[in-house]
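A short write-up of the structure that comes next.
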Amino acid sequence: MDTKLKGDMAEQAVIMEALKQGWAVLKPLGDRLPYDLVLDIKGQLTKIQVKSAWFDKKSGNFVVD
């Protein structure tokens with residue numbers, strides 16, 4: 001698995017978790033910005049930079065390498 005695919009998977013995992021929390025997710029076009037996503041949490045906008053990670057089913061945690 002190449003690093004771009006790993007990064008895409010990590011980003012999608014963050015999006016899924018945010019949606020489960022009931023937060024709105026904004027995704028900017030392109031990859032030139034210093035953040036990958038913006039989360040709208042109770043009206044507060046928070047920029048998120050996602051690094052490569054994976055979900056460890058056994059512990060129920062996201063793991064960042």
Count I, L, V, M, F, W, Y as connected when their side-chain heavy atoms are under 4.5 Å apart, and connections chain through other members. Are [X] and [Y] then in the same cluster?
X     : Y     : answer
Leu45 : Leu37 : no
Leu26 : Ile15 : no
Val50 : Ile41 : yes

Begin from the C-alpha positions of Thr46 and Val38 and carry the test side-chain contact (heavy atoms from CB on, under 4.5 Å) through to its verdict. CA-CA 5 Å; Thr46 303; Val38 177; 6.0 Å; no
Atom [atom1] of [X] with >12 non-hydrogen neighbours under 6.0 angstrom:
X     : atom1 : value
Asp31 : CG    : no
Lys4  : NZ    : no
Gln44 : CD    : no

If every non-hydrogen atom of Gly43 is compared with every non-hydrogen atom of Asp40, which pair is closest and at what distance?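 Gly43 and Asp40 have their closest heavy atoms at N-OD1, 3.0 Å.
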Search all heavy atoms of Leu33 against all heavy atoms of Pro28 and return the closest pair with its distance.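 That would be CD1-CB, 3.6 Å.
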Taking the side chain as everything from C-beta on, heavy atoms only, tell me whether Asp36 gets closer than 4.5 Å to Ile48.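 Counting from C-beta outward, Asp36 and Ile48 never come under 4.5 Å.
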Is any side-chain heavy atom of Leu39 closer than 4.5 Å to a side-chain heavy atom of Val25?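 When only atoms from C-beta onward are counted, Val25 and Leu39 do touch, with a gap below 4.5 Å.
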Please round to the nearest 0.5 Å and tell me the distance separating atom CD of Gln21 and atom NZ of Lys42.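 Here the interatomic distance stands at 10.0 Å.
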